[in-house]
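Presented below is the structure to which this report refers.
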Amino acid sequence: MSENVVHLHKPTDPPTPDTAPTVLTVVPDAPPAGPVPLWVRSGRAVKTVATHETTRATIRAAARHSLYTLNGGRIVAKRTWDGRTGARYERMIRAAEAAGNLEAAEEWEERLQRFRAARHHRRMDLLHSPVEAARGVAVGAGMSVGVLVALGIAMAVNTGHPGDVITPLTATIDFIALLIRIVQIVWGPALAVGPFLALLALWSVGRKQQAAPAWALPANVRNGEGEPITPSIVVKALRDLGVPALRNAIKEMGDAGASMLGPITLAGCGVEVDVTLPSGVSTNEVQQRRRKLAENLTRHEHEVFITIPTAARTVRLWIADSGALDEPIGPSPLVTDETMTANYKTGKAPWGQDLRGDAAALSLYQRHLLITGLSNQGKTVALRSLALWLALDRSVQFLVGDLKGVGDWAMFDGLASTLIQGPTDEHVIQVTEMVEGAVTEMNRRIQAPPGTVFPPLIVLVDEAQVAFMCPAKDEDKRPYGGSKANSRYFMAVRKIHNQGRAVNVLMWQGTQDPTNENLPKLVREGAHTRASLALGTESQARMALGDKAVDGGAAPNLLRPGLDRGTLVVASDGITIPAGQSSITVRTHYIDDDAAKALTDRARTLRDGVTTLHTIDKGEQRDPLADIAAVIGDATRVRTKDVLARLATTNADAYGGWSFIDLKRVLDDAGAEPYKSDGVMVVSRDRVTRALANRDGEGSASTG
């Protein structure tokens, strides 16, 4: 008795993907070397054929079309059963009971009773129908024979041939015989072809309903590319969500699970539908499974948004068309419409589009603003586009602090009263003193006579987290950063948040990655308009937008960093938000640096000229006349109250407490008295320049 010998050998044929690896075979008493056995090569060939894509496609096609026919028969049988019995009504009753709608359940029960009564009446009629049918046939046949005989008699009288009396009867009998002959000829082929036609009909029903497993469907259907959202698809996605109470309720409803759904309506680049959840299922159970729901709908997670409308136990689903959110939304109207102007009080900034594809415009009137998001997600561009629109209102004044310092706000030079750019502690100190100057101006406005109208002053700080995290301290050991009561930047922002809105002094901030360290709670909650781009966690989303917005469905943490650049979630009463929602998702227009420069050039032409300060002078010795000339800039004349405001912004310590009397005293002493123009007091640039030249000339003469 021989033993099996294990031989390790390599094939002698040239290496191929199948033969290159070392082959281990077990053969009885095999020689130490030789070609690969035929059965091994045959097995490989069989495996190659079995795993080839063509073979798989053939198997899928055969299974798909077979199951189309089988499941088509099941669907037809179910429809027939529903039509012949009260099963449909019973399902609707169970669905209404599961949804807690007792009125609908009672209505369906009444319909079921009417259906049963009508069915009973039809069945009772069938008991008498044979006798009635026989009586009807006999009467009909007798009448027909009588008519034919009468017709034959008329023909016989007319022709004079008695044989014509039976001519109509014989003609009728011949016609009936012909019909019977036709049926005999056709009946055989009909019996042979009929089953195939029936199978074809069942196949057509199954194909229309895609009644086959997902693995057997065509690739484009399996991937869901372009698959429309239908009630059955939504119900199936909810059923497979992994919520036992929801699955059981839908199972009891049967096909009537669609009764949970409101109308599926077109909404921009997608569809929207309200889902009334069955009793025992909470809305947050659906919200927490957003990714699974999206995948059940053959969509990516970012293509499905879940919000909570006002109706109880209801979620609103917005489902995008596949790939629609990856398409650009087009240029801003600010760029395409060179005649556009702005109105701070009554206008709205064209910011972008909502998910429905409608224009999303934001009112900036007396609203503090906060925009957050991860780095490089479009925060500065989104914030800057609002400022660019507002710059087209000539009454608006800007104080800009850019703590990134890479030139994103350089185009505001000559437009903003103050423009500080840079990321160092010294720049934070300058920005802090700029904000404190705005606080002084705010206090001056508050002390003005009631009814005084003040021009809007926008205090804008980009990359504000740099200021909050600055470790520098002043000579009194007061920190510039931080969130304590002695923090200079923090307290200045808080003061503007508390009282600035009433006198049109507004705080706009942009910051990265919101946390309690780089964006204190009191500051973020002081903003009327809060917007967020992509974030990392839900806790950051709550810091950025607040608990109410996140609990209502806002989820900037689910936006895709990099891919959803420029898309932000907004919580504000300054933008139109669908009823029942606490936030809205906006895809903002992108305005590049060149377009931004063109817009600021347009804004400058609307103004008399603005001298932009790039530092805040802290020196004790001031030259009031020179400072007045500096704030007037290139303008021919400037209103006295605007001069006072600009002086206070330049140096709050020196000019924050100035009144009209102080300004008039300096100008009168220099011989550049203010005067009335169009009913308002103004300061003339020529008079101030002449006074400075005369003063400098006198100083030079006396020195000489």
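Values in this document were obtained by computation on a predicted structure and should not be read as measured data.
- Enclosure of atom NZ in Lys473 is not indicated, since only 12 or fewer non-hydrogen atoms of other residues, nucleotides or ligands lie within 6.0 angstrom.
- Environment of NZ in Lys641: crowded, with over 12 heavy atoms of neighbouring residues, nucleotides or ligands closer than 6.0 Å.
- The main-chain N or O of Gln540 is never found under 3.5 Å from a side-chain atom of Arg542 such that the two would form a donor-acceptor pair.
- Between the Arg565 side chain and the Gly378 main chain, no donor and acceptor come within less than 3.5 Å of each other.
- Asp462 has a carboxylate O that lies under 4.0 Å from a charged side-chain N of Lys379, or vice versa, which qualifies the two as a salt bridge.
- Other residues, nucleotides and ligands contribute over 12 non-hydrogen atoms within 6.0 Å of the NZ atom of Lys404.
- Screening Gln366, Lys345, Arg445 for a side-chain hydrogen bond (donor to acceptor under 3.5 Å, both in side chains) with Asn504, the sole residue that qualifies is Gln366.
- Pro520 has its side chain out of reach of Leu522: every pair of non-hydrogen atoms, C-beta onward, lies at least 4.5 Å apart.
- Between Trp409 and Phe412, the ring-plane angle classifies as tilted under the 30° and 60° cut-offs.
- By the neighbour-count criterion of 12 heavy atoms within 6.0 Å, atom CZ of Arg639 is sparsely surrounded, having that number or fewer from other residues, nucleotides or ligands.
- Residues Ser385 and His589 form no side-chain contact, since every pair of their non-hydrogen atoms from C-beta on lies 4.5 Å or further apart.
- Residue Gln287 is tested with Asp551, Ile306, Val550 for a side chain to side chain contact (heavy atoms under 4.5 Å, CB included); the sole match is Ile306.
- The shortest distance between side-chain heavy atoms of Thr585 and Trp318 does not fall below 4.5 Å.
- Between the side chain of Arg530 and the backbone N or O of Met543, at least one donor-acceptor pair lies under 3.5 Å.
- In summary, the side chains of Thr424 and Glu426 do not present any donor paired with an acceptor at a separation below 3.5 Å, with no hydrogens or angles considered.
- Arg685 has no carboxylate O lying under 4.0 Å from a charged side-chain N of Asp634, or vice versa, which leaves the two without a salt bridge.
- The cationic atom of Arg290 (NZ for Lys, CZ for Arg) lies less than 6.0 Å from the six-membered ring centre of Phe305 and within 45° of the ring axis.
- Partner of Thr418 under the side chain to side chain contact (heavy atoms under 4.5 Å, CB included) criterion, out of Thr612, Val400, Leu613, Val431: Leu613 alone.
- Within the 4.5 Å cutoff, no side-chain heavy atoms of Leu374 are placed close to those of Leu533.
- There is a side-chain donor-acceptor pair under 3.5 Å between Asn516 and Arg524.
- Salt bridge annotation for Glu436-Arg488: present, with a cationic side-chain nitrogen under 4.0 angstrom from a carboxylate oxygen.
- For the pair Val461 and Met507, the minimum side-chain heavy-atom distance is below 4.5 Å.
- Annotation: side chain of Ser375 is not in contact with side chain of Asp513 (no heavy-atom distance under 4.5 Å).
- Residues Leu506 and Ile458 have side chains in contact (heavy-atom distance under 4.5 Å, counting atoms from C-beta outward).
- Checked by atom type and distance alone, the side chain of Thr588 pairs as donor or acceptor with a backbone atom of Gly566 at under 3.5 Å.
- The shortest distance between side-chain heavy atoms of Arg494 and Val523 falls below 4.5 Å.
- Distance alone, capped at 3.5 Å, is enough to place a donor-acceptor pair between the Gln465 side chain and the Gln512 backbone.
- The environment of CZ in Arg637 is sparse: at most 12 heavy-atom neighbours from other residues, nucleotides or ligands sit within 6.0 Å.
- Under a 4.0 Å N-O distance rule, the pair Arg384/Asp593 qualifies as a salt bridge.
- A distance-only check finds a donor-acceptor pair linking the side chain of Gln377 to the backbone of Gly562 [under 3.5 Å].
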